[in-house]
Amino acid sequence: QKEVEQNSGPLSVPEGAIASLNCTYSDRGSQSFFWYRQYSGKSPELIMFIYSNGDKEDGRFTAQLNKASQYVSLLIRDSQPSDSATYLCAVLPGYGQNFVFGPGTRLSVLP
Amino acid sequence: GAVVSQHPSWVICKSGTSVKIECRSLDFQATTMFWYRQFPKQSLMLMATSNEGSKATYEQGVEKDKFLINHASLTLSTLTVTSAHPEDSSFYICSARDAWELGETQYFGPGTRLLVL
């Protein structure tokens, strides 16, 4: 059973702080990792993806992947109240397979 | 780029009627589309994987005769909820995978909210 785990939260951070969201996965052979943001009542929207070990930066967002430890994280710098949402981690076990989604972490950025 | 649309955005129907939901990739070709369902405060649940020109693959526990999926072209997949009942009320979301993108990213549509009375 392929599993993806995330803390459900809520994770509360003050405006301007760094929010750190973590995700662990069980399938060691997983290939690709995705972070989606889902606002309440809306569908998920892609934030970024990462394939290789290390960091990948896109604006205020940084994804970090450590395949040896089987975790992937998302850092949000200078958090804004508009970042308040549920963040979904999705793992692609292998080419042509379906995503395995984590349950999501609810982030609340306090003004 | 990578825009996915869904129609309708919400629908209210009487119990026993059928509802069709369309999912379109607007600026890319999608050999594979996915249909998800999400109940309030719950995670996304994959219902089926739809491949262009072939039969959909349904997840365990999803009735294929109740949730009919057609993926007739590289830009359109439809989900028909047949003989809908109140327990089918949910948020239905499709996603599409770009046929020419190696990364297999899924792009989500805006979702369709179904209420069965």
Side-chain angles (χ1 to χ4, degrees), chain A residues 1-10 21 23 25 27 29-52 56 58 61 63 65 72 74 84-108, chain B residues 1-10 21 23-25 28 31-52 54 56-60 62 79 90-99 101-115:
Chain A
Q1 181 84 7
K2 300 181 177 73
E3 292 183 348
V4 176
E5 297 185 351
Q6 298 179 254
N7 287 328
S8 60
L21 304 160
C23 171
Y25 58 95
D27 186 350
S30 296
Q31 300 291 317
S32 310
F33 308 85
F34 302 79
W35 283 100
Y36 288 87
R37 176 173 61 194
Q38 186 175 24
Y39 291 111
S40 181
K42 303 293 186 182
S43 67
E45 55 180 324
L46 179 69
I47 298 174
M48 62 191 306
F49 52 83
I50 186 167
Y51 307 138
S52 304
K56 180 181 178 182
D58 184 359
F61 299 98
L65 174 60
V72 56
L74 179 71
S84 298
T86 296
Y87 289 80
L88 302 172
C89 171
V91 175
L92 186 68
Y95 182 78
Q97 298 189 39
N98 293 333
F99 278 8
V100 180
F101 279 94
T105 297
R106 192 155 55 94
L107 172 67
S108 179
Chain B
V3 178
V4 177
S5 71
Q6 272 184 254
H7 178 80
S9 56
W10 59 274
I21 302 170
C23 177
R24 293 181 185 272
S25 55
F28 65 98
T31 49
T32 305
M33 290 184 170
F34 304 85
W35 288 96
Y36 294 85
R37 182 166 55 181
Q38 188 174 37
F39 294 105
K41 300 191 185 302
Q42 294 189 22
S43 300
L44 287 172
M45 188 191 80
L46 179 65
M47 299 175 67
T49 302
S50 164
N51 290 298
E52 185 262 339
S54 63
T57 302
Y58 290 82
E59 295 298 300
Q60 193 172 7
V62 178
L79 167 69
S90 188
F91 190 35
Y92 291 86
I93 311 172
C94 74
S95 70
R97 198 156 63 192
D98 190 330
E101 187 184 284
L102 296 178
E104 301 197 49
T105 302
Q106 289 187 29
Y107 300 97
F108 284 87
T112 296
R113 205 164 294 281
L114 171 64
L115 177 61

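Just so it is clear, the model here is predicted, and its values are computed rather than measured. Here is the naming used below: chain letters follow the sequence lines, and residue numbers restart at 1 for every chain.
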Q38(B) versus chain A, the contacting section by heavy-atom distance below 4.5 Å: side chain
Between P103(A), S40(A), A90(A), P44(A), the one whose heavy-atom pairs under 4.5 Å with chain B are most numerous: P44(A)
Test side-chain contact (heavy atoms from CB on, under 4.5 Å) applied to T32(B) - qualifying residues, sequence neighbours left out: F34(B), T49(B), N51(B), R97(B)
Results of side chain to side chain donor-acceptor pair (under 3.5 Å) for S43(A) - residues two or more places apart only: none
Euclidean distance, F99(A) CZ relative to F33(A) CZ, rounded to 0.5 Å: 11.0 Å
Heavy-atom pairs under 4.5 Å with chain B, option from K42(A), R106(A), E45(A) with the top count: K42(A)
R37(B) charged N/C atom sitting above Y92(B) aromatic ring, 6.0 Å / 45°: no
